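Heads up: the structure comes next, in structure tokens.
One is the number of the first residue; the rest follow in order along the sequence. All of these numbers come straight from a predicted model, not from anything done at the bench.
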Amino acid sequence: MRKIILLSTLLFVLIFICSLNAHAKEGPLGVKEFRQLYDRLLAGRTLVTETTQDGVVIKKERQFGKAVDVGDGEFDIPVSIAITKTKEGRLEQKTTINMLDRVNNLGGQAIIDEVVRKTTVEKPGSETLATREVEFNGLFRVAKNDKGGFEVHNFGLVPSILSDGDSLSLSGSMISYFCFPENGRTKCILTIRDYKLGDYKPLVGYTLIEPAGGDFVEVTEEVRP
């Protein structure tokens, strides 16, 4: 049964790729070309963003490991995300997420299968919480961009909740991760857009109505020792 589900998923992905290729701004990326861009822009590098909300400083560090060959030109990318919250110089919380991005060759295009392998939450004065359950985090397609880098997009809607006063409703998020070189360093822009959802039809899905609020945009830049 698991094999049948996997084959069905791969077939869906291949059909979806064919429909997207004509719409990709700079065209799809093959695994070999994506590997070259990843090694040049992200492998072994740390990208950081820092914001302040209500006096709390939130620092996000994304550490991208070196690609690990798994055969047939495909490869794994280990990624660690550390989110540190401090207030007046004191640590309030630190969350560390360890992820694995497997880059597969499907129909000549690089497709990323992402899983979360471990999440750790640390708070001063509290016991460290950790979960080791492997969690599927989505399938993503890779395409070229017009700045000498690449962009990553999720295949389908990521379920989310839209809050409007006292009412809650189901919404869907689309994700874009846009990376490129700038002044000798790597910069990536994460954009998450929530959509209000209309009617649902089996084998078709939800109808997108309109974006819910503004985009969440996070710019991360490479830091060096």
Could you tell me whether R224 atom CZ has more than 12 heavy atoms of other residues or ligands within 6.0 Å of it? yes
Partner of E74 under side chain to side chain contact (heavy atoms under 4.5 Å, CB included), chosen from V103, I111, N105: N105
With rounding to the nearest 0.5 angstrom, report the [atom1] to [atom2] distance, [X] to [Y].
| X | Y | atom1 | atom2 | value |
| --- | --- | --- | --- | --- |
| L29 | L37 | CG | CG | 6.0 Å |
| T186 | L47 | OG1 | CG | 6.0 Å |
| N154 | I112 | CG | CD1 | 11.5 Å |
| N145 | C179 | CG | SG | 8.5 Å |
| L170 | S160 | CG | OG | 7.0 Å |
| I81 | Q63 | CD1 | CD | 10.5 Å |

Return a table of donor-acceptor pairs under 3.5 angstrom between the side chains of residues 117-129 and protein atoms on other chains or two or more places apart.
none

Membership question, hydrophobic clusters at under 4.5 Å side-chain separation (ILVMFWY): are [Y] and [X] in the same one?
| X | Y | answer |
| --- | --- | --- |
| I175 | I83 | yes |
| L41 | V79 | yes |
| Y38 | V68 | no |

Using a strict 4.0 Å threshold on nitrogen-to-oxygen distance, state whether D76 and R102 make a salt bridge. yes
Show which side-chain atoms of residues 87-94 pair as donor or acceptor with protein atoms under 3.5 Å away, not counting sequence neighbours.
unit_1 : atom_1 : unit_2 : atom_2 : d
E88    : OE1    : R90    : NH2    : 3.4
Q93    : NE2    : T95    : OG1    : 3.3

Run the side chain to side chain contact (heavy atoms under 4.5 Å, CB included) test against N137 and tell me which residues pass, sequence neighbours left out. M99, E114, V116
With sequence neighbours left out, what residues match T52 under side chain to side chain contact (heavy atoms under 4.5 Å, CB included)? V57
Is [Y] close to [X] at the side-chain level, that is, under 4.5 Å between some pair of heavy atoms?
| X | Y | value |
| --- | --- | --- |
| D113 | D101 | no |
| E151 | K144 | no |
| L157 | L197 | yes |
| I161 | S171 | no |

Can you give me the closest heavy-atom contact between P211 and Y195, atom names plus distance? N-CD2, 3.8 Å
If I compare all heavy atoms of S80 with all of N98, which pair ends up nearest, and what's the gap? OG-OD1, 3.4 Å
Taking ring pair (Phe, Tyr, Trp, His ring centres under 6.0 Å) as the definition, give me every residue that meets it alongside F178, ordered by chain and number, with sequence neighbours left out. F180
Would you please name every residue forming a ring pair (Phe, Tyr, Trp, His ring centres under 6.0 Å) with Y177, sequence neighbours left out? none
For residues 213-221, please give each side-chain donor-acceptor pair under 3.5 Å, one per line with the distance, not counting sequence neighbours.
unit_1 : atom_1 : unit_2 : atom_2 : d
D215   : OD1    : R193   : NE     : 2.9
D215   : OD2    : R193   : NE     : 3.4
D215   : OD2    : R193   : NH2    : 2.9
E218   : OE1    : R62    : NH1    : 3.0
E218   : OE1    : R62    : NH2    : 3.0
E218   : OE2    : K60    : NZ     : 2.9
T220   : OG1    : C188   : O      : 3.3

What residue pairs, at least two apart or across chains, pass ring-ring contact (aromatic ring centres under 6.0 Å, His included) with a residue in residues 111-150? F34-F150
Any ring-ring contact (aromatic ring centres under 6.0 Å, His included) involving residues 88-117? Give me the pairs, sequence neighbours left out, ordered by first then second residue. none
Return the set of residues passing side-chain hydrogen bond (donor to acceptor under 3.5 Å, both in side chains) with D194 (not counting sequence neighbours), or none when no residue passes. S173
Kindly state each residue pair satisfying salt bridge (charged side-chain N to carboxylate O under 4.0 Å, His left out) with at least one member in residues 37-50, sequence neighbours excluded. R35-D39, R45-E222
Enumerate the side chain to side chain donor-acceptor pair (under 3.5 Å) contacts for residues 199-210, please, sequence neighbours excluded, ordered by first and then second residue. K196-E210
